Amino acid sequence: PMGVCPAATMSLLRDNFTGVLRPWARPEVLTCTSWGAPIIWDGTFDPDVAQQKAGQKNLTIGLTVFAIGRYLEKYLARFLETAEQHFMVGQRVVYYVFTERPAAVPRVALGPGRRLRVERVARERRWQDVCMERMRTLHAALGGRLGREASFVFCMDVDQHFSGAFGPEALAESVAQLHAWHYHWPRRLLPFERDGRSAAALAPGEGDFYYHAAVFGGSVAALRELTAHCARGLRRDRARGLEARWHDESHLNKFFWLHKPAKVLSPEFCWSPEIGRRAEIRRPRLLWAPKEYGLLRD
Ligand code: 2GW
Ligand code: MN
């Protein structure tokens with residue numbers, strides 16, 4: 001079956017960060033990539049062992065989120081409250097909220113070992129620029145205090161909430177999220193940027209998976225590279241009057257094509273309830289809020 005890994009890959013998997021993976025526990029899905037990175041599905045790891053191992057390393061895990069304009073009132077409180085219940089419980093966590101209105105950030109009760117920092121950013125006029133500016137802002141933050149206090153960081157969209165444990169099984173040098181709408185599509189139909197003039201372009205036949213920019217993570221060093229790459233590509237495209245099909249997400253997909261992620265998260269980690277039930281989606285960890293583009297994208 002397609003989910004079974006070759007022996008060489010299996011030994012790579014055993015050496016993986018958590019060292020607790022059971023890829024054979026989900027024979028009906030793909031549990032490793034062609035380059036030997038584990039694809040994390042529910043049941044392929046032991047959350048208790050992952051937590052215990054991460055605890056021994058005494059990590060600080062960063063979680064960054066942008067909440068600009070109406071997205072602050074609409075999504076931030078629930079995102080943070082549910083992160084308190086589910087994100088890296090038992091580890092040291094530092095939230096970084098980027099907003100143009102620090103005073104409006106809701107006061108969320110934080111568990112022990114968990115802190116929240118608020119960073120002021122300028123508000124971009126176009127919504128596309130709100131999304132794209134994140135790469136440059138993250139790059140700067142990773143080179144500053146965030147980079148000094150965290151060892152691993154996850155960068156997420158705010159228009160979603162946690163609905164299940166999102167723990168240290170998701171940590172690795174670099175982590176990409178399979179896009180819930182596209183994980184079972186044929187590769188040639190994936191919505192990569194195909195315009196060869198764009199820095200984000202992938203040629204026909206290129207592209208492993210379509211990754212979702214709502215969740216990506218990794219070590220500070222890896223994320224410094226990722227954000228630099230994406231910010232550079234966005235800047236080059238803009239200088240040529242181009243904008244990639246899915247904005248920063250297109251550039252993220254180009255980066256992960258060139259620099260393969262060390263770990264891939266199944267769509268269970270960031271699921272869209274609008275898709276409906278799927279047998280292979282056992283326990284979603286994050287759920288997207290319904291899209292209200294008509295209301296919010298003006
Ligand atoms: C973005 C688009 C239209 C209207 C508003 C905004 C907006 C985004 C905003 O007004 N304020 C704000 O804080 N944001 C932040 O950018 C927020 O963290 C949000 O979750 C993130 C991405 O925007 P979002 O969630 O509306 O876009 P999605 O869910 O369609 O995102 C995918 O595609 C984007 C590029 O078009 C990004 O790559 C994103 O990471 C993807 O998940
Ligand atoms: Mn989103």
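Counting convention: from 1, in listed order, for ligands and their atoms alike. Computed from heavy atoms alone, side chains included, the values below leave out hydrogens, waters and symmetry copies. Residues: numbered from 1 along the sequence shown. Please read these numbers as outputs of a predicted model, since none were measured by experiment.
Under the ring pair (Phe, Tyr, Trp, His ring centres under 6.0 Å) criterion, Tyr211 pairs with Phe256, not counting sequence neighbours. Taking Glu73 as the reference, Arg101 meet the salt bridge (Lys or Arg N to Asp or Glu O under 4.0 Å) condition, with sequence neighbours excluded.
Closest of all the heavy-atom pairs between Ile39 and Thr44 is O-OG1, 4.3 Å.
Looking at Thr227 and His139, their side chains do bring a donor and an acceptor atom within 3.5 Å of each other. Remark: the Tyr75 side chain and the Gln160 side chain contain no N/O donor-acceptor pair separated by less than 3.5 Å. A donor and an acceptor atom, one from each side chain of Glu274 and Ser272, are nowhere located under 3.5 Å apart.
Ligand 1 places these atoms under 4.0 Å from at least one heavy atom of Trp246: 35 (C). Within ligand 1, counting atoms from 1 as listed, the ones closer than 4.0 Å to a heavy atom of Ala67 are 13 (O). Remark: ligand 1 atoms within the under-4.0 Å shell around heavy atoms of Ala214 are 40 (O), 42 (O). Remark: ligand 1 atoms within the under-4.0 Å shell around heavy atoms of Val130 are 7 (C), 8 (C), 9 (C), 11 (N), 12 (C), 14 (N).
Residue contacts with ligand 1, taken as heavy atom pairs separated by less than 4.0 Å, involve Val158 via backbone and side-chain atoms alike. Contacts of His247 with ligand 1, taken as heavy-atom pairs under 4.0 Å, involve the side chain alone.
Using a 4.0 Å cut-off between charged side-chain N and carboxylate O, Lys263 and Glu173 make no salt bridge.
Within the structure, ligand 1 has Asp159 among the residues with a heavy atom less than 4.0 angstrom away. The shortest separation from a heavy atom of Lys291 to ligand 1 is under 4.0 Å, placing the residue in contact.
Taking distance alone, with nitrogen or oxygen atoms compared against 3.5 Å, Ile68 approaches ligand 1 more closely than that limit.
Residue Arg134 holds the heavy atom nearest to atom 40 (O) of ligand 1 of all those in His251, Arg134, His212. Evaluated by nearest non-hydrogen atom to atom 24 (P) of ligand 1, the leading choice among Trp288, Phe66, Tyr71 is Tyr71. Compare Leu76, Asp129, Asp248 by their heavy atoms: the one nearest to atom 35 (C) of ligand 1 is in Asp248.
The ring-ring contact (aromatic ring centres under 6.0 Å, His included) test with Phe79 singles out one residue from Phe87, Trp288, Phe66, Phe162, and that residue is Phe162.
In this structure, Phe209 has its ring center no closer than 6.0 Å to that of Tyr183.
Angle OD1(Asp159) to the Mn ion (ligand 2) to OD2(Asp157): 110° [nearest 10 degrees].
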